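Here's the structure we're looking at; comments come further down.
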Amino acid sequence: MLGQTVTKTFFKLVNVDLACLIPILSLFFCPVLSIRGVQEEDPPDPQIMRLDNMLLAEGVSGPEKGGGSAAAAAAAAAAGGSPTDSSIEHSDYRAKLAQIRQIYHSELEKYEQACSEFTNHVMNLLREQSRTRPISPKEIERMVAIIHRKFSSIQMQLKQSTCEAVMILRSRFLDARRKRRNFNKQATEVLNEYFYSHLSNPYPSEEAKEELAKKCGITVSQVSNWFGNKRIRYKKNIGKFQEEANLYAVKTAVDAANVSAQASQANSPATPNSGTTCSISSSHNCLLQPTQYIQ
DNA sequence: GTCTATGATTAAAG
DNA sequence: CTTTAATCATAGAC
């Protein structure tokens, strides 16, 4: 029941933003301290170890962040350089994780504080009662143990909920399929330019991929994905891509013409134009060449 | 809401 | 490792 409250909070965090912290403390100061029926709680617990390990691995518990994901994001940001980058999403993810972490720690601290406060409270009560009836140290010890057990079971719920929240966050942010963003226009243009100007063999080398990735502000594997998709989709329906193919062929031809015009301008500035008509025919050459690839 | 385009993931093959 | 082909899940257009 309490766990649900915590979980809900994390759900909220994941979906929208940070909700106010739950007034958990209020729930603790009215529990009936039944002396019987508490011995069945398990102190060793394999599950709590699992939770602890996961929280540690995710960087929620343990020392102040740092870790690989931050370094990876920083590297991505450095490599990307250009604005609309995927590192934005990454930092978003990290921010959410930090929020979860913050909630987790503040809750944990609250529990610890509440635990000691409550223990003190009970001790005082017992001390008062000891004036009217004898209370053995063993009884006090037992009381304290009961309280601690109660609180640690609640801590476990917190850990469970935190784990859940992290899992949800991961699936939401790290599963890129969910957060698919189209590449920006310029990136697509660069990729298409390369693709259609290497239509006979559209398999960029590792170096070429790296350069394209740099130019487009995406990763090398994204370039690979793009070319993989492009090849298969082009092959599947060449007709659909004909227009695009022409467009890019003309574009590169025009670029080439411009370059050659610039070069020739130094030599003979008498023939600057008539480059476009030429370029269309050269584009056809480019498109008709890869018969092997088309079939 | 549907429909298409598109980036990512997967299995299988090399 | 790479690739293809199929598929998933979403973005964006309508």
Side-chain angles (χ1 to χ4, degrees), chain A residues 10-17 57-58 68-97 164-252 283 286-295:
Chain A
F10 278 121
F11 274 135
K12 243 191 201 160
L13 166 69
V14 171
N15 287 329
V16 197
D17 58 343
E58 293 302 329
S69 58
S82 73
T84 55
D85 201 34
S86 62
S87 62
I88 293 166
E89 283 161 31
H90 224 93
S91 69
D92 201 17
Y93 168 78
R94 271 167 49 223
K96 297 277 189 193
L97 191 65
E164 234 173 274
V166 170
M167 294 304 265
I168 291 163
L169 189 70
R170 280 178 74 89
S171 70
R172 217 166 264 280
F173 280 82
L174 261 39
D175 184 357
R177 279 198 288 201
R178 291 188 175 279
K179 273 290 238 187
R180 186 178 70 74
R181 304 258 71 186
N182 290 358
F183 300 151
N184 62 39
K185 229 168 164 188
Q186 181 237 329
T188 317
E189 208 141 288
V190 170
L191 293 167
N192 271 318
E193 247 166 63
Y194 188 98
F195 180 78
Y196 286 113
S197 62
H198 298 72
L199 201 51
S200 55
N201 185 32
Y203 295 85
S205 64
E206 198 55 36
E207 297 85 56
K209 279 183 192 170
E210 271 165 38
E211 186 162 337
L212 285 168
K214 207 167 149 193
K215 249 199 261 187
C216 299
I218 59 179
T219 66
V220 172
S221 60
Q222 280 177 307
V223 172
S224 297
N225 284 340
W226 191 91
F227 273 89
N229 283 321
K230 192 73 184 180
R231 281 190 299 258
I232 195 72
R233 283 163 185 167
Y234 180 83
K235 190 170 85 166
K236 251 183 168 169
N237 190 353
I238 296 165
K240 201 169 70 182
F241 289 93
Q242 202 63 51
E243 207 178 322
E244 189 178 68
N246 280 324
L247 195 135
Y248 280 100
V250 168
K251 192 201 274 281
T252 52
S283 79
C286 188
L287 283 173
L288 293 175
Q289 230 170 20
T291 44
Q292 157 263 340
Y293 178 65
I294 283 165
Q295 286 299 1

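Order of the sequence lines sets the chain letters (A, B, ...), proteins ahead of strands, with each chain counted from 1. Owing to the predicted nature of the structure, the values given are computational and were not obtained by experimental measurement.
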All heavy atoms of A/F227 vs all of A/P202, minimum pair found to be CD2-O, 3.7 Å
To the nearest Å, give me how far apart CZ (A/R231) and P (C/dA6) are. 15 Å
Does any non-hydrogen side-chain atom of A/V220 lie less than 4.5 Å from one of A/E206? yes
Can you tell me if A/K235 touches the phosphate of C/dA5, counting only side-chain N or O atoms and a distance under 4.0 Å to OP1 or OP2? yes
Less than 4.0 angstrom between a side-chain N/O of A/Q222 and OP1 or OP2 of B/dA8, yes or no? yes
Hey, does the side chain of A/N182 come within less than 4.0 Å of B/dT6's phosphate (OP1/OP2), counting only N and O? no
Nearest-Å distance, CZ (A/F227) to C1' (C/dT2)? 15 Å
Whole-Å gap separating P (B/dG7) and NZ (A/K185): 14 Å
In dot-bracket form, how is DNA chain B paired, counting a Watson-Crick or G-U wobble pair only if both its distances are under 3.5 Å and using | for bases paired to another strand? ||||||||||||||
Check A/K230 with A/E244, please: is the shortest side-chain N to carboxylate O separation under 4.0 Å? yes
If I take atom CG in residue A/N237 and atom P in nucleotide B/dA5, what distance separates them, rounded to the nearest angstrom? 9 Å
Ignoring backbone atoms, establish whether A/K236 has a side-chain N or O less than 4.0 Å from OP1 or OP2 of C/dA6. yes
Phosphate oxygens OP1/OP2 of B/dT6: is one of them under 4.0 Å from a side-chain N or O of A/K230? no
Using a cut-off of less than 4.0 Å, is there contact between a side-chain N or O of A/R181 and OP1 or OP2 of C/dG12? yes
In whole angstroms, how far is the C1' atom of C/dA5 from the OH atom of A/Y234? 18 Å
Expressed as a whole number of angstroms, how long is the span from A/E243:CD to B/dT4:P? 17 Å
So, does the side chain of A/R233 form a donor-acceptor pair with the base of C/dT7 at under 3.5 Å? yes
For A/N182, side chain to side chain donor-acceptor pair (under 3.5 Å) partners two or more places apart: A/R180
Given C/dT4, is OP1 or OP2 found less than 4.0 Å from the side-chain N or O atoms of A/Y203? yes
Considering residues at least two apart in sequence or located in another chain, which fulfil the ring pair (Phe, Tyr, Trp, His ring centres under 6.0 Å) criterion with A/Y248? A/Y196
Rounded interatomic separation in angstrom, taking CG from A/N225 and P from C/dA5: 16 Å
Find the distance A/I232:CD1 to B/dA5:C1' and express it as a whole number of Å. 16 Å
Where each residue is assigned the nucleotide of DNA chain C containing its nearest heavy atom, which of A/S224 and A/N229 is assigned the position nearer the 5′ end? A/S224
Report yes or no: does A/E211 contribute a side-chain atom to a donor-acceptor pair with the main-chain N or O of A/A208 at less than 3.5 Å? no
Using the rule given for side chain to side chain contact (heavy atoms under 4.5 Å, CB included), can you reason through A/H198 versus A/Y203, listing the C-alpha separation, both sets of side-chain angles and the distance that settles it, and then say yes or no? CA-CA 8 Å; A/H198 298 72; A/Y203 295 85; over 6 Å; no
